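Written below as structure tokens is the structure these notes are about.
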Amino acid sequence: MIAPKTAHSQPAEPLALFGGTFDPVHFGHLRVASDTAAALRLPELRLIPSKKPVHRDATSANAAQRLAMLRLGVSEFPGLRIDDCELIRETPSYTVFTLEHFRERFPERALIWVIGIDAFLGITRWYEWQRLFDLAHFVVLNRPGFAVANALSASLSSVWNGRLTSDVSALRTNLHGQLYLHTVAPQAVSATEIRNMLLEGASDNALRPLLPASVLAYIRENRLYTGPT
Ligand code: ATP
């Protein structure tokens, strides 16, 4: 039975979403997602692997392999979950479609799209990007010392100035529409670097600091990233 809503009822907990290609997932993704969820007291954060990247080249590993690696990686980070909604739906992995899907499923929960600053700076190239803020908040992960305001394009700058909040509770009291800047410890790792290292025959010792051992074992067993795609 659904409890009736009263004036005293608590707002529903926000749902945080972290999208990416995860080709492969690495400690940069996992630590940053986990630390952000803890720092902002977000009870639920779902990693969303994209089917086919819409803003970049094709992935190297296929969707099933990327999902399998994500499952292995997430198992070491309690609190992180995976949602395969972009993999199972027919439409392209446009974030605006993904957010519509979550908004329909959870009309009373604030939605929070967590995104690295580099990806955020290119957001005006995303499909129907202005509608994103009618669906979700954005938590932008910044590097220490990086002046975001100086890096914004003119169109993004007006959105930034209008929506930025330094009050984290605004991510709970409103369902969408705020921008919140969260500074994270830099994680010097990218999936591109890992793929290049594998292509060049890097040893397990060299790779182990960059991604969970279970993910590395899966890569080795399936001979991923060892040749051109
Ligand atoms: P690639 O090197 O293939 O571009 P990536 O490692 O950047 O991949 P993505 O799956 O493209 O990973 O990124 C998903 C999200 O994770 C993006 O919002 C991106 O900014 C963020 N991210 C990736 N690597 C890091 C990192 N080392 N520290 C913090 N955020 C990261």
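Starting from 1, each residue takes its place in the sequence as its number. None of the values given here were measured: they were computed from a predicted structure. Whatever order the structure lists ligands and atoms in, that order sets their numbers, starting from 1.
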With a 4.5 Å heavy-atom cut-off, do [X] and [Y] have their side chains touching?
X	Y	answer
Arg105	Arg103	no
Asp23	Arg195	yes
Val140	Tyr180	no
Leu141	Phe120	no
His26	His29	yes

Subject >> Shared hydrophobic cluster for Phe27 and Leu72 (ILVMFWY, side-chain gaps under 4.5 Å) >> reply: yes

Provide the number and element of each atom of ligand 1 under 4.0 Å from a heavy atom of [X].
X	answer
Ser190	2 (O), 6 (O)
Gln187	26 (C), 27 (N), 28 (N)
Gly20	10 (O), 14 (C)
Gly28	26 (C), 27 (N)
Arg195	3 (O)

Any nitrogen or oxygen of [X], main chain or side chain, under 3.5 Å from a nitrogen or oxygen of ligand 1?
X	value
Ala191	yes
Phe22	yes
Ile117	no
Gly116	yes

Subject >> ring-ring contact (aromatic ring centres under 6.0 Å, His included) partners of Trp129, counting only residues at least two apart >> reply: none

Original post:
For atom 30 (N) of ligand 1, which of Asn142, Val32, Val184, Leu210 has the closest heavy atom?
Top reply: Val32

**OP:** Going by heavy-atom distance to atom 1 (P) of ligand 1, choose the closest among Thr192, Val114, Leu30.
**Re:**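 Considering heavy atoms of Thr192, Val114, Leu30, the nearest to atom 1 (P) of ligand 1 sits in Thr192.
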
Tell me whether ligand 1 is touched by [X] - counting only heavy atoms on the residue side and a distance under 4.0 Å.
X	answer
Gly19	yes
Thr21	yes
Phe18	yes
His26	yes
Leu141	no
Glu193	no
Asp23	no

**OP:** Ignoring hydrogens and angles, state whether a donor on the side chain of Ser203 or Arg208 is under 3.5 Å from an acceptor on the partner side chain.
**Re:** no

**OP:** Let me see the working for Phe133 and His176 under ring pair (Phe, Tyr, Trp, His ring centres under 6.0 Å), right down to the final yes or no.
**Re:** CA-CA 6 Å; Phe133 306 102; His176 60 88; 9.8 Å; no

**OP:** In plain terms, say whether Arg66 and Asp84 are close enough for a salt bridge, that is, a side-chain N and a carboxylate O under 4.0 Å apart.
**Re:**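 Salt bridge: no.
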
Can I get a per-line list of side-chain donor-acceptor pairs under 3.5 Å for residues 162-169, giving both atom names and the distance, sequence neighbours left out?
unit_1	atom_1	unit_2	atom_2	d
Arg163	NH1	Gly177	O	3.0
Thr165	OG1	Asp167	N	3.0
Asp167	OD1	Ser169	N	3.1
Asp167	OD1	Ser169	OG	2.7
Asp167	OD2	Ser169	OG	3.1

